[in-house]
Amino acid sequence: MPKESDESSKEEQSKIDKDGAENTVETSEEMIRKSIRRNTPSPHRLTPQSSPPRFVSVEELMETAKGVTNLALAHEIVMNSAFQVKPYEPGEGSLEKQVKEIMHKAFWDCLESQLNDDPPSYSHAVTLVGEIKETLLSFLLPGQSRLRGQIEEALDLSLIQQEAENRALDINKVAKFIIDMMGTFCAPLRDEDIKQLREITDIVPLFKSIFAVLDKMKIDMANFAVSSLRPHLLQQSVEYERKKFQEFLEKQPNALDFTQKWLQDTADYVTGGGTEGGATCTPNSAQLSLHNHAYLRLLKWDHDAESFPETLLMDQGRFQEMQQELEQLALVASVLLIVYNSAGEAISGLPGLMERLKKTIKILLAEMHTPSFNADETFAAVAEKMCVELRGCLSQHGFSPFSSDRENTLKGQIVAAKSADNPIRKVIDSRIQMYLLGFLESSAHRCAPALPGGLTPISKELEEIAVKLGRLVTFNKLVYSPFTSNNIVSSFKRFLL
């Protein structure tokens, strides 16, 4: 790619490092920025008491921001096994994209004009070869001295410049060496790209394609480095994140205000009858139970109205994703419980029926967390589809079909499940919370809790979420226990009263 493009590529890579992980979910730094905006005092909003304001310099702010960015990136690599660096692309139709396209077109047009001169001028071409040489050398490992020597010899810029001045430069020979070397370094999934490069005969399109493939190879190398780094990060991540957060806390003394409020509110919730039985616990078990209840509350969080605990900001997207999955699973289990209670023994134990019904319900509820979701229409469709399935199943196995009144009653019960206050849905939701709490409290003993009744149809999905939740909770406790221990102790004293 031309010099402008190479600089743009470096800026893009730098932007990726600064922005952290670019995923289908919201990045950790964006969540931190949102939290900062939420934490700004407003006359219409009550916030926890905090330390007196302290003036900081721009340099301190920049240093803090860099530390938070590095912390968020390291955390994402550790917690997200599917994390990958992705190339930055300006938005479609954006000014940045238009300027980039204009600059690149101007460069390649200039290169083509130089090569078409008589005699041809190779000044731009030599510059490109120098940039390609730098990129190829950057792919080398410290011990690959033989390959380094080959690249230095074949892409000797002073020699290439002399050949160009004496009209003895074979640019196609140089390009062939570059492609061969790229084939040596590239990952197997780039073999087809290398093959296509060998088929291009025009120099300008060839150089454009070479830079496009090199950009892909840079991303491949970055992701290889991430995958190689992950095992080492796993070993050091707890101490690293604790150290980085301590540095952040020293610059922002009020950085635990919302974490403290979260723990105190949990103690109030538990002692106020939100859950059963803290008074019979021992101090150690009460403290553990309070902490586990606090994490479960995050699966019921109002992300628009409440500020997320600072110690969990980097995992807010993961908690929100689990929350939405659990809400869908609760509805699926509720509808299936209604259907099977209504049909009774007629469909009990029929192979494949429950999975078919579950799949149908999940498909119809797939958009339940989108702005365009219409609950009335969707649940009416679910009710109608369940009745159609039951009608066919009963007929197939020789049972009498439901009467119109019975079918209408079943439809009404299914539609009623859309309400969060529906008794059946509340029972299912309570049992899900009970299972997850049991999983957190039994994880130290490495034994899974018994599955409450009514959750069998969603047992597989529920266990996957419980494992994901357990991992997040365990890691967070390891990292932030030194910072939250005082808050937990003060809160759990009220929990025991």
Side-chain angles (χ1 to χ4, degrees), residues 299-300 321-436 439 448-468:
L299 298 175
K300 293 287 187 180
E321 182 181 349
M322 287 189 291
Q323 180 176 347
Q324 293 178 353
E325 290 175 3
L326 288 171
E327 288 172 359
Q328 186 190 67
L329 290 176
L331 286 172
V332 170
S334 299
V335 172
L336 289 175
L337 184 60
I338 292 169
V339 170
Y340 272 78
N341 282 345
S342 177
E345 296 182 358
I347 63 172
S348 179
L350 292 180
L353 176 63
M354 182 175 287
E355 281 299 316
R356 189 165 72 249
L357 295 179
K358 182 174 79 170
K359 183 179 179 180
T360 300
I361 299 168
K362 291 181 74 172
I363 290 173
L364 292 173
L365 294 177
E367 305 296 322
M368 67 176 288
H369 293 104
T370 61
S372 60
F373 180 73
N374 187 310
D376 293 334
E377 292 181 1
T378 301
F379 277 88
V382 170
E384 184 63 36
K385 189 64 176 176
M386 292 298 101
C387 287
V388 170
E389 290 283 353
L390 277 181
R391 207 177 298 139
C393 185
L394 292 172
S395 174
Q396 181 181 353
H397 292 85
F399 291 97
S400 300
F402 281 4
S403 64
S404 297
D405 289 343
R406 191 175 177 185
E407 196 169 278
N408 288 333
T409 300
L410 175 59
K411 289 181 180 179
Q413 290 176 337
I414 292 174
V415 170
K418 71 183 178 183
S419 171
D421 294 326
N422 178 263
I424 296 177
R425 182 172 170 181
K426 288 176 72 174
V427 168
I428 291 295
D429 188 67
S430 174
R431 291 177 180 178
I432 288 176
Q433 295 292 309
M434 184 193 311
Y435 174 79
L436 293 175
F439 191 93
L451 191 70
L455 303 186
T456 302
I458 59 171
S459 59
K460 181 181 177 182
E461 296 91 338
L462 198 56
E463 184 177 354
E464 290 175 355
I465 293 176
V467 170
K468 192 188 305 183

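The distance from the NZ atom of K359 to the CD1 atom of I361 is 13.5 Å, given to the nearest 0.5 Å. Atom CG in L337 sits 14.0 Å away from atom CZ in R425 (nearest 0.5 Å). Atom OG1 of T456 sits about 10.5 Å away from atom CG of L336, to the nearest 0.5 Å. Between the CE atom of M434 and the CD1 atom of I432 there is a distance of 11.0 Å, given to the nearest 0.5 Å. Expressed to the nearest 0.5 Å, how far CZ of F399 lies from CD1 of I347 amounts to 10.0 Å.
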Worked check of side-chain contact (heavy atoms from CB on, under 4.5 Å) between L326 and L462: CA-CA 8 Å; L326 288 171; L462 198 56; 3.7 Å; yes
Test side-chain contact (heavy atoms from CB on, under 4.5 Å) applied to K426 and N422, step by step: CA-CA 6 Å; K426 288 176 72 174; N422 178 263; 5.9 Å; no
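Contact record, L394 with S400: CD1-O, 3.9 Å, taken as the closest heavy-atom pair. Taking both residues in full, the closest heavy atoms of Q328 and L365 are given as NE2-O, 3.4 Å, listed atom of the first, atom of the second, then distance. Contact record, F439 with A466: CE2-O, 3.3 Å, taken as the closest heavy-atom pair. Across all non-hydrogen atoms, the minimal contact from A333 to G454 is CB-O, 3.9 Å.
Under the side chain to side chain contact (heavy atoms under 4.5 Å, CB included) criterion, S403 pairs with D405, R406, not counting sequence neighbours. M322 pairs by the side chain to side chain contact (heavy atoms under 4.5 Å, CB included) definition with L299, F319, I465, K468, L469, L472, not counting sequence neighbours. Qualifying salt bridge (Lys or Arg N to Asp or Glu O under 4.0 Å) partners for K300, counting only residues two or more places apart in sequence or in other chains: D429. By the side chain to side chain donor-acceptor pair (under 3.5 Å) test, Q433 is found to be paired with no residue, residues two or more places apart in sequence or in another chain being considered. For E327, the side chain to side chain donor-acceptor pair (under 3.5 Å) partners two or more places apart in sequence, or in a different chain, are H369. By the side chain to side chain contact (heavy atoms under 4.5 Å, CB included) test, T370 pairs with E367, S372, F373, sequence neighbours left out. By the side chain to side chain contact (heavy atoms under 4.5 Å, CB included) test, E461 is found to be paired with L329, K358, K362, I458, residues two or more places apart in sequence or in another chain being considered.
By the 4.5 Å heavy-atom criterion applied to side chains, F402 and C387 are not counted as neighbours. Using a 4.5 Å heavy-atom cutoff, the side chains of L331 and F379 are in contact. Y340 places a side-chain heavy atom less than 4.5 Å from the side chain of L357.
When atom types are taken as modelled, the side chain of S334 and the backbone of A330 share a donor-acceptor pair closer than 3.5 angstrom. In terms of modelled atom types and a separation under 3.5 Å, the side chain of R431 and the main chain of L455 share no donor-acceptor contact.
Applying the salt bridge (Lys or Arg N to Asp or Glu O under 4.0 Å) definition to pairs two or more places apart or across chains, those involving residues 385-404 are R356-E389, R391-E407.
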Side-chain donor-acceptor distances from residues 411-421 under 3.5 Å, at least two apart:
residue, atom, partner, partner atom, Å
K411, NZ, E384, OE1, 2.8
K418, NZ, D376, OD1, 2.1
S419, OG, D421, N, 3.2

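The environment of E463 atom CD is sparse: at most 12 non-hydrogen atoms of other residues, nucleotides or ligands sit within 6.0 angstrom.
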